[in-house]
Amino acid sequence: MIVTGIDPHKKLYTAAAMGRHSDRPLASTDITVGKQGTEGVLAHLLDFQRRVMAEYPGAEHVWALEGGEGLGQRLADLLLSAGQTVVWVPV
């Protein structure tokens, strides 16, 4: 399983993908929120997911979002609407 954790802030989302047995991120990315708009953020995240998962065929993927009641809620709704699996990480 690959888990991509996202730390959402007003202007920047930071995402890092971790494998089950990894002690370092497999990959990471930063997304400037205001410049891309909602569809751009989703496209960026899904592209990031495709690139990471290409290295691990057959693995499951889940998004772990921090801050479910704030900025994370909007991002979770976006990912869920795209058919993604999302879990909350308490702050």
Side-chain angles (χ1 to χ4, degrees):
M1 174 177 280
I2 306 296
V3 176
T4 300
I6 301 178
D7 185 12
H9 293 273
K10 287 182 182 179
K11 296 182 181 181
L12 183 73
Y13 295 157
T14 299
M18 298 290 291
R20 179 176 289 183
H21 301 292
S22 59
D23 59 353
R24 296 181 191 179
L26 304 172
S28 63
T29 187
D30 290 322
I31 305 157
T32 304
V33 178
K35 292 183 180 180
Q36 295 190 49
T38 303
E39 290 188 15
V41 167
L42 180 60
H44 186 109
L45 288 173
L46 295 179
D47 182 58
F48 176 74
Q49 179 190 35
R50 277 190 290 277
R51 287 183 281 123
V52 169
M53 297 308 290
E55 299 291 321
Y56 304 92
E60 293 180 59
H61 182 265
V62 65
W63 299 95
L65 275 72
E66 179 185 79
E69 296 178 2
L71 296 169
Q73 179 66 52
R74 187 177 325 149
L75 183 55
D77 290 345
L78 188 63
L79 289 166
L80 288 167
S81 71
Q84 299 295 304
T85 302
V86 177
V87 296
W88 296 117
V89 178
V91 180

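Worth knowing before you read on, the calculation uses all heavy atoms, side chains too, and leaves out hydrogens, waters and symmetry mates. Note that the structure is a prediction, hence the values are computed from the model and not measured.
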Any Val33 side-chain heavy atom under 4.5 Å of Leu12 side chain = no

Donor-acceptor pairs are to be reported for all side-chain atoms of residues 40-60 against protein atoms at under 3.5 Å, with residues two or more places apart or in another chain.
residue	atom	partner	partner atom	Å
His44	NE2	Thr29	OG1	2.8
Asp47	OD2	Arg51	NE	3.1
Gln49	NE2	His61	ND1	2.9
Gln49	NE2	Gln84	OE1	2.8

Donor-acceptor pairs under 3.5 angstrom involving side-chain atoms of residues 13-25: please list them, not counting sequence neighbours.
residue	atom	partner	partner atom	Å
Thr14	OG1	Asp30	OD1	2.9
Ser22	OG	Gly19	N	2.8
Ser22	OG	Gly19	O	3.0

query = Considering residues at least two apart in sequence or located in another chain, which fulfil the side chain to side chain donor-acceptor pair (under 3.5 Å) criterion with His9?
reply = Asp7

message = I need the Leu26 CG to Ile2 CD1 distance, nearest 0.5 Å.
response = 5.0 Å

query = Taking ILVMFWY side chains as joined if any heavy atoms are under 4.5 angstrom apart, and letting links pass through other members, which residues group with Val3?
reply = Met1, Val62, Val87

